[in-house]
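Written below as structure tokens is the structure these notes are about.
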Amino acid sequence: MRKTKPIVSSSTLVISLALCAPTQAELWQDDALPVVLTPARLKQSRHNVPASVSIIDRHMIAASGIRRIPELFRLIPGTFVGARDGWNHVVSYHGTNYRDSRRMQVLIDGRSVYQAGLATVDWNDIPLAIEDIQRIEIVRGPSTASYGANAFLGVINIITRHPDDSDRLYVKAQQGSGSTEDYLLSHAGDFEGGKYRITAVSRRDEGFDHDRNGADRRDSDNSELFNLRYERFLTDDVGLNISAGYKQGETTDDFADIDVTAPDDYVKDYFFTTKLAWEYSSEHSQQLRVDYSRQVQRRRWTAQLPPAFVNQPEHSSPLVLVDANEDITQFSYDVEFQDTLVWNHALSTVSGFHIRNNRVHSETYYNGTVSSESYQLFANAEYAASDRITANIGASWERDDNEQNHLSPRASLHFHITPRHSLRAVYSEAVRSPDLFETSADWTYTARNIRPREEGKETGKFILHASGNPNLKAENIQSREAGYYGNFIELGLQWDVKIFNDKFTRLISDPVSLERFNPKNGDWLKQRGVETEIDFRPSPQWLVHASYSYINSDTSSPHTEASFTSKNAASALISYEFGNNIQISYSRYYTENTETRNRNTFSRSDTRIAKQFTFAKTDIELAYVWYYRHDNNSELLSDNFYNDASRHLVSLSLRY
Amino acid sequence: MLLSTFSNATADDSKVTVDIVLPTKNSALTTLVKKISNKAEFNVREYENSLPEPSQRGDILVVVSDHLLPLLDNNNYRASIALYADVIAYRKHHNAKSSAIFSGQPLRRQLELINALVKGSAARIGVVFMDNYYQEELEKSKSNFQNFDFITAKVDLHNAQRQINKAIQDSHFLLATPERELYNAQSIRGILLASLRHRSPLIGPSESFVTAGAVASVVSQTEHYATALRDMIHTYIGTDTLSAPHYPQEFDVKVNYNVAESLGLNLPGEEALKKFMLREKND
């Protein structure tokens, strides 16, 4: 094991071994430095990654003027973003079914935020401020072989700012259209030999303005969140990471016809993660992480309906008031172990195991408590056959709660035309195991406190009931991809092209609703197309990022599996930093109508102007963002309209 | 303590005598002294850590390392030379009869290396320093690198790490100064991990940093220092004038190709980079 010797500040020379031709380092004192960036710690070059990868970095996040994390993914080719409500977004690579983000794996610093209990990623409940994001890596393509079962269409890996990189004090306030009002306070410092960053955020807005009939929407968000990250080296070779987060908030929801009081949500989320990483040698490292998360959602309201609807047909009143709830409590824990070994210059491997346990309690959705466990083994090997050819081969084996075994292989071949230009061919298979909601739902409403009160008729069960299907099989995808990645370093240009042919089988397509809940492995989908992405930064002042995708879908269930996939979509972000610390950015997003739905083109321009100046060792930024919607379509669903084509946001931030 | 005497054969009383004082005794330094004295037109006597008695002193004193810089003061030698001395540390001991061959590399040469890495294209360079000397050195060099823009920060020790990290985040390359208060065994881990996180390569300050995880550095090897010292002594013997303090003229380029590849840089060979630097300089 390597040991680091303390260095003496002045030029006291160390005793060197006898060498015929001593190097400078051997001769002088600074050979006591530790080797920090060891082969085992270094990342795989993008030229050798067995998938298409996109990056959203801090500069892009700032320049985009985007306020909510999911909207950032409009910048990524082939990635579709929709809003079910003002606060409730859906993100999916290659779209498919718009209902939920159940086919994407989303990680925050390696921790999955997928909620098995409701089969979704709830972007609004992630205790993370967009300002704390360092970069986002999007793996565009099936990645079950590396990331487990929900990495079916791809992986979004959000990497937060390291405490070392954070400002000692950061304060931000912003206000904008729709009663948008956000406040952020962040502090970074030292504690017990390590570094920490702690962030608190208050966030609120009123969501969309009106529905298709012109009636006011109730989809406001009022949240507070807290996030902590702590990093410390316990020894030269052992690093400790602790992360924790807490979020509480209230979101409002529209009244249904039968609702008497507001069916609003009160949510409390928290998570805790700890990771230990250690090196045996410069070529061999391991890490172990444990994640725990819990989400408590309280949604209670009063409805008015005929008593027969709650199985009380003998009730004397034609209409009764009942109390209903959609309360749900979800827990999950994950344990993951990973081993990275560089065998020699040509061969390196990553392998490990992952155990996940989900438990969910809900009277309404599960009539009690259900749980699931899954076990995964994974391995990937990278082999450089020559300077021209690199191969990756990997697989994951997973055993789910239904005792089904899944093997998801992936293989890729890279041909390096030159060291900076490479062609790739990737074949992968992946599965998405049916989640708890699909297999184990026992969904109906319990009506309590039925009134007018009559003896023995205080409670009842809603007459509609939905059950999960315990015999569901995993969804399957076979993906074939050919691509080119070029890094024109002299021009500051990176260019990626991907041609793909994906075949999905055993899809569980039916919408998750009480009226029509019939999960089955009945559908198939074929997607073929091309997508490209350009990142052009000819000088430090310029940032240009553009993407385009063309996707042709053929499916047995067009109204579900093609409902969130547009044939043509494009985005562009252009930013320039003037010498007087003024930055002007313009971004343009366009998503064509999906074939099965009408008037859902999304076309928007965002313009951001920011001015920075320094006062008393404090960097101050004043920014204005103008969001202009070119069409007047509803966003994703049919009741998501703003009153005005233009929306505005003004922010002031101070960094010390 | 006289360790040994070097000359072509035996000491020649007609030749100038150079007393070299080493901070310690090891074979690497012995090799250095041999390279200095090989076929030299002067006698070389080697001492450890202290000057010889006044009656035993030769004509020219050479002290090796910052540790021995105080020996330059009031020593009665005709001329004194500090070899492998930090440019900042040497300033306090400079006098009319002394000169130096500096350790480290001039920032301009490291900038030439970055220019070779990016083949003349635009880049933003972060430079964090404690001593204004580096600000001045940078200002003198800026006009030669119109394709670069610079983010500079003068720091003190209490905020150094955070300022270095900020420079890493805001620039394409972090150019390390030879200041050991900033770049040392305690700080290098945080700096290099930040460099990896932000894919902003560290350049310099020395070969050891390249081994630790910096992408590249210009380095001067033992023979380069020996050559520079011999040239300075010969010039003095011939003209009775000491050259101005300077860095070794000769250098090599060291690259950590593993780190470069991981950061997305596909770099040419070290010799090719050196040739590019020399060609650009001559143009």
Side-chain angles (χ1 to χ4, degrees), chain A residues 4-7 9-39 41-47 58 134-135 159 162 164-168 188 195 233 236 418-420 487 489-492 494 537-541, chain B residues 22-24 26-29 31-32 64-67 84-86 89 103 118-124 149 161-162 165-166 168-169 171-172 180-181 184-186 188-190 192-198 206-209 211-213 219-223 225 256 258-259 261-262 264-266:
Chain A
T4 306
K5 292 174 280 186
I7 192 167
S9 59
S10 67
S11 297
T12 304
L13 304 193
V14 297
I15 307 299
S16 305
L17 295 173
L19 292 169
C20 295
T23 65
Q24 178 198 351
E26 289 156 348
L27 186 58
W28 317 108
Q29 78 279 22
D30 49 10
D31 59 350
L33 292 177
V35 178
V36 178
L37 301 189
T38 61
R41 197 194 293 267
L42 291 171
K43 294 179 178 177
Q44 197 173 31
S45 163
R46 190 167 169 184
H47 286 280
R58 261 180 82 70
Q134 183 58 51
R135 60 195 253 125
I159 298 151
H162 192 282
D164 256 353
D165 303 335
S166 304
D167 300 288
R168 197 165 287 280
K195 306 287 178 68
F233 277 98
D236 288 340
T418 71
R420 293 175 183 170
N487 187 356
I489 198 164
E490 298 83 3
L491 302 173
Q494 296 180 73
R537 305 187 192 198
S539 75
Q541 290 76 30
Chain B
L22 304 174
T24 188
N26 66 37
S27 55
L29 288 169
T31 304
L32 170 72
V64 181
S65 85
D66 301 349
H67 182 61
Y84 201 75
D86 176 70
S103 59
V118 300
K119 293 187 176 175
S121 58
R124 178 170 284 170
D149 75 337
Q161 181 87 37
R162 208 162 284 281
N165 274 31
K166 191 169 187 300
I168 287 171
Q169 293 174 70
S171 57
H172 298 120
R180 297 192 184 284
E181 297 86 348
N184 54 50
Q186 280 71 49
I188 190 63
R189 184 184 300 276
L192 286 173
L193 290 176
S195 156
L196 182 67
R197 280 197 301 277
H198 301 287
S206 69
E207 184 175 358
S208 292
F209 283 78
T211 305
V219 300
S220 291
Q221 307 286 10
T222 308
E223 58 268 28
Y225 281 98
N256 188 328
N258 280 336
V259 174
E261 185 184 354
S262 183
L265 297 169
N266 296 107

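Reminder, nothing fancy here: chain letters follow the sequence lines and each chain counts from 1.
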Beyond-backbone contact of Arg197(B) with Arg135(A), side-chain heavy atoms, under 4.5 angstrom = no
task = Spell out, as yes or no, whether a donor-acceptor pair under 3.5 Å connects the side chain of Ser262(B) to the backbone of Lys43(A).
result = yes
message = Which one wins on heavy-atom pair count under 4.5 Å against chain A: Ala194(B), Gly190(B), Ser103(B), Ala123(B)?
response = Ala123(B)
inquiry  = As an exercise: rank Lys119(B), Gln161(B), Lys166(B) by heavy-atom pairs under 4.5 Å with chain A and give me the winner.
reply    = Lys119(B)
key: Top contributor to chain B interface from Ile489(A), Asp164(A), Thr418(A) [non-hydrogen pairs under 4.5 Å]   = Asp164(A)
request  = May I ask you to test the Asn165(B)-His162(A) pair for a side-chain heavy-atom distance under 4.5 Å?
outcome  = no
inquiry  = With a 4.5 angstrom heavy-atom cut-off, is it the side chain or the backbone of Gln169(B) that approaches chain A, or both, or neither?
reply    = both
inquiry  = So does Asn266(B) get a backbone contact from the side chain of Arg420(A), meaning a donor-acceptor N/O pair under 3.5 Å?
reply    = yes
query = Is a side-chain donor-acceptor pair under 3.5 Å present for Asp165(A) with His198(B)?
reply = yes
message = Heavy-atom pairs under 4.5 Å with chain A: which of Leu193(B), Asn256(B), Asn258(B) has the most?
response = Leu193(B)
Ser539(A) to Ala122(B) - nearest heavy-atom pair and separation = CA-CB, 3.9 Å
request  = Check whether Val259(B) gets within reach of chain A through its side chain, its backbone, both or neither, counting any heavy atom under 4.5 Å.
outcome  = both
ask   = What are the two closest heavy atoms between Ser121(B) and Glu490(A), and how far apart are they?
value = CB-O, 2.9 Å
key: Contact class of Asn487(A) relative to chain B, heavy atoms under 4.5 angstrom   = side chain
ask   = Between Gln494(A) and chain B, which part of the residue has a heavy atom less than 4.5 Å away: side chain, backbone, both or neither?
value = neither
task = To the nearest 0.5 angstrom, please state how far the OG atom of Ser45(A) sits from the CG atom of Leu265(B).
result = 10.0 Å
